[in-house]
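What follows is a short report on a single structure.
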Amino acid sequence: MSAELIPSILDLRHRLAEVRRAGRVIGFVPTMGALHAGHGSLIEMARQQTDCVVVSIFVNPTQFNQQKDYDLYPRPLAEDLEFCSARGVDIVFAPAVEEMYPRTQLVFVDVLRVTEHLCGKFRPGHFRGVTTVVLKLLNIVQPDRAYFGEKDAQQLAAIGRMVADLDLPVQIVAVPTVREADGLALSSRNRRLSPAERRIAPIVHRALQVAEEQIAAGATDPQQVKTKALATFHPFPQIRVEYLEIVDPLEMQPVERLDGPVRVAAAVWLGATRLIDNLLCRPATGQIERFT
Ligand code: PAF
């Protein structure tokens with residue numbers, strides 16, 4: 001069956017009021033479109049856990065800090081609709097910019113601390129745009145559960161904290177990163193890579209694995225781990241590393257010692273494409289036992 005396309009907030013509210021009256025549990029997958037198997041796994045989990053799956057497709061201008069990046073963002077709406085229909089999505093909410101931002105937006109949500117490092121340092125205003133639009137979308141859809149990928153770990157942490165600190169009545173579900181066979185994390189931006197860049201791109205995952213292996217083997221100094229992981233990029237002058245950091249998984253603060261679970265996260269530029277990835281890493285078992 002085809003997914004129902006609804007571009008208007010009011011129409012969506014009326015439609016979802018019926019769904020709620022029928023006692024159906026609503027699962028929500030917010031996206032910016034250009035859907036791929038990573039989104040497919042969010043949809044699949046929502047399908048398994050809820051009765052009515054809503055996917056939003058909205059390229060949110062307020063989270064782009066470069067106009068060119070916003071302009072170049074792929075918008076294959078017809079393909080995305082087919083993608084959703086084939087996966088049993090019930091409703092696709094695809095509003096225009098004027099529908100979401102009918103007037104100058106004067107209210108924003110800023111999640112402090114969590115958005116301070118990693119991407120927050122290099123993309124000023126990005127997370128404020130993300131958390132604000134996600135709060136708007138959550139208020140519009142009012143889902144029981146909302147699904148986000150672990151690939152955007154800092155986004156996931158910021159949204160989780162927003163929901164907790166603002167007592168929003170929704171359960172946030174984290175869905176594992178989907179990777180190509182060579183390790184490259186799926187992203188809508190991957191389609192911008194040239195064939196030569198695509199061949200190099202899995203090195204980002206490899207660098208994170210180098211860090212993961214050292215942490216699992218008992219390394220305690222994050223600086224040493226970072227230096228070795230960064231060395232993975234040395235044979236690839238085409239890659240410009242924006243950051244490679246080791247942070248605590250909740251507040252995303254750089255750690256001084258490796259004595260608990262951490263996220264190793266990286267952002268790199270490959271030509272004109274920015275790639276991000278991360279791994280949740282745990283120290284050697286003996287160490288966890290010593291510190292807990
Ligand atoms: O992860 C994304 O695609 C976007 O940041 C989101 C959560 C849909 C908000 O625009």
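All values below come from the heavy atoms of this structure, side chains included, with hydrogens, waters and symmetry mates left out. Both counts, for ligands and for their atoms, begin at 1 and track the order of listing.
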Contact atoms of ligand 1, heavy-atom distance to [X] under 4.0 Å:
X	result
T31	8 (C)
Q155	1 (O), 2 (C), 4 (C), 5 (O), 7 (C)
V133	9 (C), 10 (O)
Q63	4 (C), 5 (O), 9 (C), 10 (O)

Does any part of the side chain of [Y], heavy atoms only, come nearer than 4.5 Å to the side chain of [X], both counted from C-beta?
X	Y	answer
I43	V55	yes
R123	Q66	no
C119	I276	yes

Looking at F58, I'd like to know if the NZ or CZ of R75 sits under 6.0 Å from its six-membered ring centre while staying within 45 degrees of the ring's axis. no
Does L137 approach ligand 1 within less than 4.0 angstrom via side chain, backbone, both or neither, non-hydrogen atoms only? neither
Strictly below 4.0 Å, N to O, side chains only: are E44 and R87 in salt-bridge contact? no
